[in-house]
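First the structure, in the form of structure tokens, and then the observations on it.
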Amino acid sequence: MIIKNFAGLFIAIAPLIQTSAGSPNKNQGIEGYVVRISGNQMPSPDRKPPTPKGIKTTLYIFSLTNLNQVTKQGQSSFYSSIQTKLVTKIKTDSNGHFKVALPAGHYSLFVKKDTLFYANWFDGDNNIAPIEVMPQKMTKVEFKIDYDASY
């Protein structure tokens, strides 16, 4: 009888053991949209700025990446190589939506244009497109592809 109760307890807590060991679960990671912004984005009293459109693409998730860990293309936000580890990549749907489970930690996000990686925001330490995943939380993200927009 005791063995039966112990087995039931083990089965009930087994998923918690896996989660606490650092494996991601469906309620921990990043979720959001990749949107494309192009053309004239200058504010004007005569027109509202267009709403960004979601785009079907692949989002590349790397370990946190600093500017000194990439090969940058001139002064642009394009990179021909990234020296940190590719954690995973995920395809967005036709609206640009994505959701991916990840272990808690710090990551950098990129998309590709042809053979080059692209990301256009940094933190104060020159980490590229940094995102933090907290335990048991989904981090909301809007990744903007705006290399051919004018502000």
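All of these numbers come straight from a predicted model, not from anything done at the bench.
Note: the hydrophobic cluster containing Phe98 also contains Ile131 (ILVMFWY, side chain heavy atoms under 4.5 Å, direct or indirect links). Each of Leu67 and Phe78 belongs to its own hydrophobic cluster when Ile, Leu, Val, Met, Phe, Trp and Tyr are linked at side-chain heavy-atom distances under 4.5 angstrom. Grouping the Ile, Leu, Val, Met, Phe, Trp and Tyr side chains by contacts below 4.5 angstrom, directly or via other members, places Ile61 with Phe143. No continuous path of hydrophobic side-chain contacts links Leu86 to Ile90 [ILVMFWY only; heavy atoms under 4.5 Å].
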Criterion side-chain contact (heavy atoms from CB on, under 4.5 Å) on Leu102 and Gln28, from CA distance to verdict: CA-CA 6 Å; Leu102 292 166; Gln28 176 181 303; over 6 Å; no
Verdict with reasoning, Asn126 to Asn68, per side chain to side chain donor-acceptor pair (under 3.5 Å): CA-CA 8 Å; Asn126 283 330; Asn68 64 17; over 6 Å; no
Verdict with supporting geometry, Met134 and Gln136, side-chain contact (heavy atoms from CB on, under 4.5 Å): CA-CA 6 Å; Met134 303 294 291; Gln136 304 300 312; over 6 Å; no
Val70 vs Thr65, side-chain contact (heavy atoms from CB on, under 4.5 Å): CA-CA, chis, key distance, verdict: CA-CA 8 Å; Val70 297; Thr65 305; 3.6 Å; yes
Working for side-chain contact (heavy atoms from CB on, under 4.5 Å), residues Leu64 and Tyr107: CA-CA 4 Å; Leu64 186 63; Tyr107 302 92; over 6 Å; no
Criterion ring-ring contact (aromatic ring centres under 6.0 Å, His included) on Tyr118 and Tyr79, from CA distance to verdict: CA-CA 6 Å; Tyr118 175 79; Tyr79 312 96; 8.1 Å; no
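Glu31 and Thr139 are not linked by any side-chain donor-acceptor pair at a separation below 3.5 angstrom, with hydrogens and angles left out of the test. With 3.5 Å as the limit, one finds no donor-acceptor pair spanning the side chains of Ser63 and Thr84.
Judged by the 6.0 Å and 45° rule, Lys112 forms a cation-pi pair with Tyr60.
Note that NZ of Lys72 is 6.0 Å distant from OG of Ser77, once rounded to the nearest 0.5 Å. Here OG of Ser108 is found 14.0 Å from NZ of Lys85. Values are rounded to the nearest 0.5 Å. Separation of atoms OH (Tyr33) and NZ (Lys99) is listed at 11.5 Å; rounding is to 0.5 Å. Atoms CZ and CD, on Phe62 and Gln83 in that order, are 9.5 Å from each other to the nearest 0.5 Å. Distance OG/Ser94 to NZ/Lys53: 12.5 Å, rounded to 0.5 Å. Taking CZ of Phe122 as the reference point, atom CG of Asn120 lies at 7.5 Å (rounded to 0.5 Å).
Atom NZ of Lys137 has 12 or fewer neighbouring heavy atoms from other residues, nucleotides or ligands inside a 6.0 Å radius.
Ile145 is not listed as a side-chain neighbour of Val35, based on a closest heavy-atom distance of 4.5 Å or more. Side-chain contact between Ile82 and Phe110 is present, with at least one heavy-atom pair separated by less than 4.5 Å. Residues Pro130 and His106 form no side-chain contact, since every pair of their non-hydrogen atoms from C-beta on lies 4.5 Å or further apart. Side-chain contact between Pro52 and Lys144 is absent, with no heavy-atom pair separated by less than 4.5 Å.
A pairwise comparison of heavy atoms in Ala129 and Ala119 identifies CB-CB, 3.8 Å as the closest pair. Here the closest non-hydrogen pair linking Lys91 and Thr58 is NZ-OG1, 3.5 Å.
The backbone N or O of Leu116 lies less than 3.5 Å from no partner atom in the side chain of Asp114, so there is not a single donor-acceptor pair. A donor-acceptor contact shorter than 3.5 Å links the side chain of Asn66 to the backbone of Asp125. With hydrogens and angles disregarded, no donor-acceptor distance shorter than 3.5 Å links the side chain of Thr92 to the backbone of Val34.
For the side chain to side chain contact (heavy atoms under 4.5 Å, CB included) with Val100, the qualifying choice from Leu59, Ile30, Val87, Val133 is Ile30, the only one to do so.
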